[in-house]
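Notes to accompany the following structure.
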Amino acid sequence: MKKLLALLLSAMMVVSCFAGCGEKPKETEAPESKKEESKQEGESKAEGESKAVESGAPAADGETIKIAYIGPLTGNYETYGRHQRQAIELAVEKVNAEGGINGAMVEVEWNDDKSDPNETTNMAYKVCDEEDVLTVFGPFTTTSALATVDIFKDAQIPVCSGSVSNADWSGLGDGRFFRGDATTQQMCTYFADFIIDEMGLTKVAMYYEQSDWGQGMYDEFEKAFTAKGGEVVYQDIFQIDQKDFNASLSKFKEKEDEYELFFLVAHLNEASLAVNQMRKLGIDKTILSNNSLQDQVYLDNVGENGEGQILLTYFGNEGNSDVFEQWKSDYEGRYNENIDSHAFNTTDLINVMFEAMKVSGNDREAFVKAMHEIQDHDGLNAKITMEENGDMTKPLSPFVIKDGQFTAWTKE
Amino acid sequence: MLKKIINGWAKHQVAVTLVFLAFLILYPVLFHSYYLRNVAIQCLIYSLLSLALNLIMGYTGIVVLGMAAFYGIGAYALALLTTKLGISFLPAVALAVVITFCFGVLLALPTLRIQGNYLAIVTLGFCEIIRIVELNWVSLTNGPFGIKQIPAPDIFGIKSIFGLKLSKPEGKYYVVLILLVITVVILHNVLNSRSGRAWKSIKGDPIAARAMGINVFRYKVFAFAICAAIAGLAGAYYAAYTGYVDSTTFNYNQSILILSMTIMGGLGSIPGSIIGAIFFVILPEVLRWLGTFCGEWIVEWRQIIYGLILVIMIMFKSDGILGGFDLRQIHLYNKLVKEKEAEEKQNG
Amino acid sequence: MHFQQLINGLAVGSIYALVAVGYSMVYGVLKLINFANNAFMVAAAFLLILFYSTWHLPYGLAIILALVLCAAGAVFMERASLNPIRKKNAPGISALICTVGYSTVITNLLLYAFGSQTIMVPFVLHLPTFELWGAVIDPFTLIILGTAFVLMVFLTWLTYGTKTGEAMRAISQNTQAAKLMGVDVNKIITLTFFIGTACAALSGIMIGIYYSAVDTTMSFTIGIKTFAAAILGGIGVLHGSLVGGLVIGLLETFVAGYISAGYKDAIAFIILILVLVIRPSGLFGKPVQSKV
């Protein structure tokens, strides 16, 4: 009897140990232990192709560089997580096939945050315990990023996100947070400029998602647009996972004469339904949107209802560099799925990270420094420079859906 | 096999409890990683939630599919009390518990007369209504942005005890451990008191209970309100622990997760609820570990596995692993049987 | 605009009505709230996409296959799990929780197989919208409404005009007595599930066609409200479900259009609670007194 009890208790303890899943429980200290490795002075500006390292001691042969990915591999945002993962896998394989980063192979650890910010917190804790991780890639949503700021800051680990759009985030990490996409602020400024200067319109109606992101877009856009003399004549919100938009859309239809442009701030799922319902109701106004709709699935879902819709995003289907075209055909050939802006941003960011790694090796502080010094890096479509606060300058351009393709927008 | 374990456990209840408690107290000393401590804290929080649901389902027999509502109310209550009114942690927790208790009463009074199946759906509807209000009442809850920078637990302003910083995971762990232990002790006593017996009789046969003079309705409301209060306690702690709340946490999936824990662990069993909670918190981590050599797909099957466990559990032992096992009763019974056997041996 | 909103309300309402009618019938016979109903509803639309868009089967065949598969799935659930539970005389709530489990499994299987994106549901015809008194009307709404009506008539006839229906009603009143009277209880219950789920599957396909798209979250968002519709109309009373669905659709649209788009989803649940508290038998149901 007693033996059984002892067995039960030890089993319980053992199972709890397994919760660490192979990670040995360590003391949580700042990653100082790796500091003595690299004596990087940090002059090496990473320009285009990486130059040979001056004084530092980057990862030697046989070593690996570990990136910890945290993102939605399951759950509601599973699609975007998948796109990010595919882009990263492709880039990592390519760099490893070419000999790795100065001989060291790049390895990615996949952590699924199930599209749930609490789970992101769990994963953040887990990753922070792992001393051999050079940097985090992720998180995906603004909410999960903001929820994990303190955790990453305390652990002094670099974080590179391909998708967080909240403007404040990159400044919260003591200089260790980097992003690979435009911020809400940048986008809205661009939108405002585009609408007033290029399109020559001043009256806009906005329909946006009730979330951190959507509300942020509305607030920033309203600010930027009004400052330039424009006016958001009318706005309404919709819920995530909403199916029927007719009630709100009917109100938009009624006020049709008051605005010139329909600004839709939505993700693919809701936009697919809303745009179809909008056209069915007879709202003919031009729709303006952001890059979350740049996806073949969206085009398939809306069909001809999407014609004429203008998107502000990073690339179209033509006029792209050879590097881009090569990447596109590699990606599509390998995964049998069309590229989207998440795959694009992820690829640009991971390549920037590789360039920084060539200079810094496995040293976190050196990596942070190298990241800040990225200038005129050859991205897929344009030259990339990392800014002071960790943001990436990336050109956005307007594209219009014509004949079911994202073609460059031109002023008629 | 299960019987043997149960009998053994019943015989040495006190010892088992003490050993387990010792393990819990020593846990942060044994395991230092953020991650493991975080998992443990999750286990403790969900233990509270599972206990709350067990009280109403396992002891009183009312099915609630909307536990996340009270979890959320407690969390938001604490968040608002500490961030907007500057109230310190402990009084804020107390207030949050009271507020959630009141919500429990508020929901129970009009709805507890509704028949079982329908009542379950009503609780689900209530959960959705609360979630929608949390998302849309922007002036109160910050709407989709949620409430950020909720201060970590402290004891009337004292931020560390015996050198243990309460804002660090170790400190936070002990806070929730103490809350859980207090709750278990109180629950244990209440369940073995008059109210507990009243609840059990209501579950067994409400009509007979009424015939025996028990004010069924009043006891039901009481149980429901306490269930809400405990869930509110868990929510309040959760808010201080993560420092951030938003409405997406408190949804249908959360309610179903808590339901699964309670059912799996065993209805009507305090240790059962705790075991159920630990099981479901650890399961995704085990899956993740398995995923590293069996392939990623295992991780993606997490929710499917939850559903399967629920189905299998309900099919084969609908009151859970430890369901219906009143350890004290079992121990007494076994003792009596043994005494009887010894007697007969003597006489025979 | 007000007429447009009325049309919008009826359009959404007709969807709730269509699903509620099938739901109500199953509950009327089995006294079981079948959570898996909604999961099968959505599964049917996904299967249609699989059969027609991916495997290129003819459209009609694709629909029939989807319906049959979903109904078969429900029969499996019934035989494998609900029957044993019933035999064990477990409390009624066990069956409900069992269907919750199945609902979780099916929904997440779909999520695993198809991803979280909204996917387009194909339709072979192209029905243009038309205008009436300043409001745009999608003719498919009328088809949905018509189907709901036809289904209601058919199911009512089935329940009250056939021997099978008589057996169903007998089971719903007193299963033991029905068995004694020679009713093959298991067969009738299986049949009820088959028909009920086929109705749900049909609803799912029609909803997918109406919105031209489907995703896994539809099962929860639409499903819970249809239950409210059935309760409002009086569960078990089929014409009540029809009316209930339309009422909820109208109220929801009213709230979204004139009060606040954010709170529109809450209205169905508020109605649910109000009905159950004030008049549990719903608009058309007969108040039942349970004797001790």
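Computed from a predicted model, the values in this text were never measured in an experiment. Just so it is clear: chains get the letters A, B, ... in the order the sequence lines come, proteins before strands, and each one is counted from 1.
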With a 4.5 Å limit on heavy-atom distance, are the side chains of [X] and [Y] in contact?
| X | Y | result |
| --- | --- | --- |
| A/Asp244 | C/Glu252 | no |
| C/Val136 | A/Lys253 | yes |
| C/Gln4 | A/Glu254 | no |

* Asked: Which heavy atom of A/Asp236 sits nearest a heavy atom of C/Ala261, and at what distance?
  -> OD1-CB, 3.7 Å
Is it the backbone or the side chain of [X] that comes under 4.5 Å from a heavy atom of chain A, or both, or neither?
| X | result |
| --- | --- |
| C/Thr129 | side chain |
| C/Asn108 | neither |
| C/Tyr210 | both |
| C/Ile137 | neither |

* Got a second to check how far A/Lys280's NZ is from C/Ser212's OG, nearest 0.5 Å? -> 5.0 Å
* Structure fact -> When rounded to the nearest 0.5 Å, the distance separating CG of C/Asp138 from CG of A/Leu281 is 9.5 Å
* Which one, C/Gly257, C/Ala213, C/Gly9, C/Ala11, leads in non-hydrogen pairs under 4.5 Å with chain A? -> C/Gly257
* Asked: Using a cut-off of under 4.5 Å for heavy-atom pairs, which of C/Tyr258, C/Tyr112, C/Tyr211, C/Phe220 has the most such pairs with chain A?
  -> C/Tyr211
* To do: Using only heavy-atom distances, determine whether the side chains of A/Ser250 and C/Asn8 contain a donor-acceptor pair under 3.5 Å.
  => yes
* Asked: Is the CZ atom of C/Phe114 crowded by more than 12 outside heavy atoms at less than 6.0 Å?
  -> yes
* Should we count CD of C/Glu131 as having more than 12 external heavy atoms under 6.0 Å? -> yes
* Asked: So, A/Asn301 side chain and C/Thr118 main chain: donor-acceptor pair closer than 3.5 Å or not?
  -> yes
* Quick one: does A/Asn246's side chain have a donor or acceptor within less than 3.5 Å of a partner on C/Val12's backbone? -> no
Below 4.5 Å from any heavy atom of chain C, which atoms of [X] appear? Answer side chain, backbone, both or neither.
| X | value |
| --- | --- |
| A/Leu273 | side chain |
| A/Gln239 | side chain |
| A/Asn276 | side chain |
| A/Phe238 | neither |

* Could you point out which residue of C/Ile207, C/Thr217, C/Ile15 forms a side chain to side chain contact (heavy atoms under 4.5 Å, CB included) with A/Lys243? => C/Thr217
* Top contributor to chain C contacts, counting heavy-atom pairs under 4.5 Å, from A/Thr79, A/Leu249, A/Asp300 -> A/Thr79
